[in-house]
Amino acid sequence: MSGSVITGWGTALPEKVVTNAEFEARLDTTDEWIVERTGIRERRFGGMTSSLAVEAGAAAVTKAGLEPSDIDLLILSTTTPDKAVPATSSTVHAQLGCSGAAFDLNAACAGYVYALVTADAMLGARIGFERALVIGADTLSVITDMEDRGTAVLFGDGAGAVVLEHHEDAEPLMLASDLGLDGSLLPILYCEHGGYLKMEGKEVFRKAVRVTVDSAAKVLADAELTGDRIALFVPHQANVRIIDAMLQRLGIPPERAALVLDRTGNTSSASIPLALSDAADAGRLSDGDLILFSGFGAGMTWASAVVRWGR
Ligand code: UT7
């Protein structure tokens, strides 16, 4: 028996706080509408994807009691890279001083769960990797049209990271995982090079509830679990009404959800590690607890995993 263990976690948020009142002052919207329809009260804007990723990654490595040079696999989940070439993970790798391999992964807002599953599989394959740094970082403010009330109020910038270490005597990290995509849904959420995000919000909402509930239910069934066995539910933070629908349909007690959406808005790849870190820092996790991750995003992608916390 061998597996990987989450040994560190960390986050980064830009300093600039943007409240709903700031949108209310210049767009045809209200704080009441934004809070009721999304659950978002404020978000952060600023930084670059690489700078936020470096800060979150450094915090996670320190928390794990490691040096960046101990990391031999870096996966950066992002949909807003600094440059077209090279991958932003190259910048992050150099600035942190990591060893080994690094690459970017883009599966939109489901990307962080795709990256966790990939890192765990690469550590488990015993192909030369011992310690992975898995970062989710995005600067969606750069690709959001701040004059469009339908998207401007939704997104924010940030980063979150975890360290995974392989141990010969650990139980497997993942009890079950499910990664998927329906490419025919591309037109409901996309961004052209040099353009802004275009979204059919209502359609994304409807599809998101369906695909995430199906995907999360599948991993629960594969792991032979029911929702009440999940100690912490860490969903993609896009809309509190989507999260509430998932909790209800999966039979997970509402107080088990990790939520940062009210403070961060939708930070895409960063949303799941931000929510996980927030819960871990608040002491909400104990060794052996089962965590359900579930994300969805442009593509349309989806990803769920049941993960064991600690050893
Ligand atoms: O990471 C994945 C990315 N995206 C998502 O997860 C987004 C998923 N979708 C959603 O979260 C929701 O669909 C939204 C929050 C985007 C919109 O909420 P909704 O309850 O689905 O509203 P709607 O799109 O049906 O719009 C209802 C009304 C419309 O006005 P009319 O046509 O009824 O007159 C919109 O124009 O609300 C209007 N509206 C707004 N009103 C005030 C849209 N945005 C705003 C706004 N302030 N910011």
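Read the numbers this way: they start at 1 and go in the same order the structure lists the ligands and their atoms. Index from 1, following the sequence. Hydrogens, waters and symmetry mates are skipped; everything else that's a heavy atom, side chains included, is used.
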Q) Any donor and acceptor pair, going by atom type alone, linking the side chain of Asp228 with main-chain N or O of Gly251 inside 3.5 Å? A)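 Not a single qualifying donor-acceptor pair exists.
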
**Q.** Side chain Thr301, main chain Ala107, donor-acceptor under 3.5 Å
**A.** yes

Q | Contact residues of ligand 1 (heavy atom under 4.0 Å), by chain and number | A | Asp28, Thr29, Trp33, Arg37, Thr38, Cys109, Arg149, Gly150, Val153, Leu154, Leu189, Met199, Gly201, Lys202, Val204, Phe205, His236, Ala238, Asn239, Arg241, Asn266, Phe296

Minimum heavy-atom distance between [X] and [Y], given as atom pair plus value:
X: Tyr114; Y: Gly180; result: OH-O, 2.8 Å
X: Val306; Y: Leu292; result: CG2-CD1, 4.0 Å
X: Ile230; Y: Arg256; result: O-NH1, 2.9 Å

Q) Mind checking whether Arg263 and Arg44 have side chains closer than 4.5 Å, heavy atoms only? A) no

